[in-house]
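These values consider heavy atoms only, across backbone and side chains, with no hydrogens, waters or symmetry-generated copies. Reminder, nothing fancy here: chain letters follow the sequence lines and each chain counts from 1.
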2 protein chains.
Amino acid sequence: MENKLCPLEKAVNTISGKWKIPIIWQIHEGKKRPSEFLRGIQQVDRRVLSQQLNEMVADGLLTKKSFHELPPRVEYELTDRGRQLVEILWKLNDWGKLLLASV
Amino acid sequence: MENKLCPLEKAVNTISGKWKIPIIWQIHEGKKRPSEFLRGIQQVDRRVLSQQLNEMVADGLLTKKSFHELPPRVEYELTDRGRQLVEILWKLNDWGKLLLASV
């Protein structure tokens with residue numbers, strides 16, 4: 001059982017950080033820049049946002065591109081692994097609809 | 001965005017309670033009785049376990065059957081909705097394997 005649970009727990013831990021799912025969703029919808037994420041996710045502050053973004057880059061969900069411009073520009077994109085996660089999250093979302101419908 | 005996130009957040013909240021995923025897995029593997037879950041999940045205590053089981057019954061993931069025997073016997077089973085969740089968790093588990101492989 002441990003062998004089967006371990007990857008699943010890793011997966012759940014990886015996505016359960018505060019705002020990670022909303023961030024993934026924003027990027028999935030075409031947003032790229034931290035300022036766009038801040039506008040799209042009302043309650044998050046800038047420091048927490050960059051912490052979460054750094055973790056997601058470290059986990060291989062996102063890539064970060066820095067453009068050497070003035071003012072400096074930073075963009076995030078989903079990796080293949082991040083896109084695979086989006087597919088699974090769609091299924092979880094559909095499942096969540098069933099839960100909400102029955103409350 | 002709110003409309004899309006809401007079912008997903010509900011789904012993630014529903015499965016992120018402590019020990020819920022291990023409990024689902026145990027039942028998926030054919031275990032039914034609280035005493036079996038206690039043996040299968042080393043660190044959980046009986047009180048926390050029944051709290052989690054009650055929440056999962058309330059959320060429609062499990063059904064509880066009480067047998068009027070002596071000593072009293074209680075068994076839990078996955079509902080259809082619980083089984084749909086297991087399918088999604090398998091996919092998350094596969095995705096988690098990719099994460100672990102790259103650490």
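When each of A:Gln84, A:Glu87, A:Arg81 is scored by its heavy-atom pairs under 4.5 Å with chain B, the top score falls to A:Arg81. Between chain A and the options B:Asp94, B:Thr14, B:Leu92, heavy-atom pairs under 4.5 Å are most frequent for B:Leu92.
Minimum heavy-atom separation, B:Lys10 to A:Gly96: CG-O, 4.3 Å. Contact record, B:Leu100 with A:Pro7: CD1-CA, 3.6 Å, taken as the closest heavy-atom pair. The shortest non-hydrogen separation linking B:Asp59 to A:Leu99 is O-CD2, 3.4 Å.
For a residue to count as touching a neighbouring chain, one of its non-hydrogen atoms must lie under 4.5 Å from one of that chain's; by this rule B:Leu85 touches chain A with backbone and side chain alike.
Residue B:Arg46 places its CZ atom among 12 or fewer non-hydrogen atoms of other residues, nucleotides or ligands, all under 6.0 Å distant.
We find the CH2-CG distance between B:Trp95 and A:Leu61 to be 4.5 Å, quoted to the nearest 0.5 Å. Taken from CD1 in B:Ile15 to CG in A:Leu8, the straight-line distance is 7.5 Å, to the nearest 0.5 Å.
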